[in-house]
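See structure below.
Keep in mind the model is a prediction, meaning the values are calculated, not measured. One-based numbering along the sequence shown.
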Amino acid sequence: MSDVDAMYQTRAKNILKAELKRRGLTYRELAERLTNLGSPESERNLTNKISRGSFTTAFFIMCMDAIGAKDVQLA
């Protein structure tokens, strides 16, 4: 993985974590919401996936949808 890829993975991870924090949601609550959307995730798997930051764009958008984020601040 290049340094540039790692930088953007870290950025995506931080955006997701910030949105969860902004809404006062835990990984457990996110896992429940993702499961309700038809994408079952355990809290532990979700914690690992987000901490690695190596998730797909589809997963990122699904998480944003699950937590009710309509806009994402990139800068």
Side-chain angles (χ1 to χ4, degrees):
M1 173 188 334
S2 74
D3 289 343
V4 173
D5 287 339
M7 178 185 72
Y8 281 101
Q9 284 182 347
T10 299
R11 197 166 164 198
K13 169 179 69 173
N14 289 341
I15 290 168
L16 179 51
K17 290 167 100 176
E19 291 298 326
L20 287 168
K21 186 169 188 159
R22 188 171 289 123
R23 288 164 175 74
L25 295 172
T26 64
Y27 287 147
R28 174 176 283 146
E29 291 167 319
L30 177 58
E32 290 170 2
R33 289 177 183 210
L34 288 171
T35 298
N36 291 338
L37 287 175
S39 181
E41 292 280 351
S42 71
E43 179 182 4
R44 174 177 227 139
N45 187 48
L46 195 58
T47 300
N48 290 335
K49 190 182 286 194
I50 293 172
S51 70
R52 282 191 315 268
S54 58
F55 43 79
T56 65
T57 305
F59 175 79
F60 178 80
I61 293 171
M62 191 180 309
C63 288
M64 292 293 111
D65 191 38
I67 64 177
K70 301 302 179 206
D71 299 308
V72 176
Q73 186 70 30
L74 298 177

When Glu32, Lys49, Glu43 are each screened for side chain to side chain contact (heavy atoms under 4.5 Å, CB included) with Tyr27, the one that passes is Glu43
Does CG in Asp71 sit with more than 12 non-hydrogen atoms of other residues, nucleotides or ligands closer than 6.0 Å?
no
Quick one: does any side-chain atom of Glu29 pair with a main-chain N or O of Thr26 as donor and acceptor, under 3.5 Å?
yes
Main chain of Asp65, side chain of Arg33: is a donor-acceptor contact present, judged purely on distance under 3.5 Å?
no
Is there side-chain contact between Phe60 and Lys13, with at least one heavy-atom pair below 4.5 Å?
no
Contact check, side chains of Phe55 and Leu46, non-hydrogen atoms, under 4.5 Å:
no
Grouping I, L, V, M, F, W and Y whenever their side-chain heavy atoms are under 4.5 Å apart, do Tyr8 and Ile15 come out in a common cluster?
no
Using the rule that two of Ile, Leu, Val, Met, Phe, Trp, Tyr join whenever any of their side-chain heavy atoms come within less than 4.5 Å, decide whether Leu74 and Leu20 are in one cluster.
yes
How close do [X] and [Y] get, heavy atom to heavy atom, and via which atoms?
X     : Y     : result
Ala31 : Ser42 : CB-C, 4.1 Å
Leu30 : Ala66 : CD1-CB, 4.0 Å
Leu34 : Glu41 : CD1-CG, 4.0 Å

So Glu19 and Arg23, salt bridge (charged side-chain N to carboxylate O under 4.0 Å, His left out) or not? Walk me through it.
CA-CA 6 Å; Glu19 291 298 326; Arg23 288 164 175 74; 2.4 Å; yes
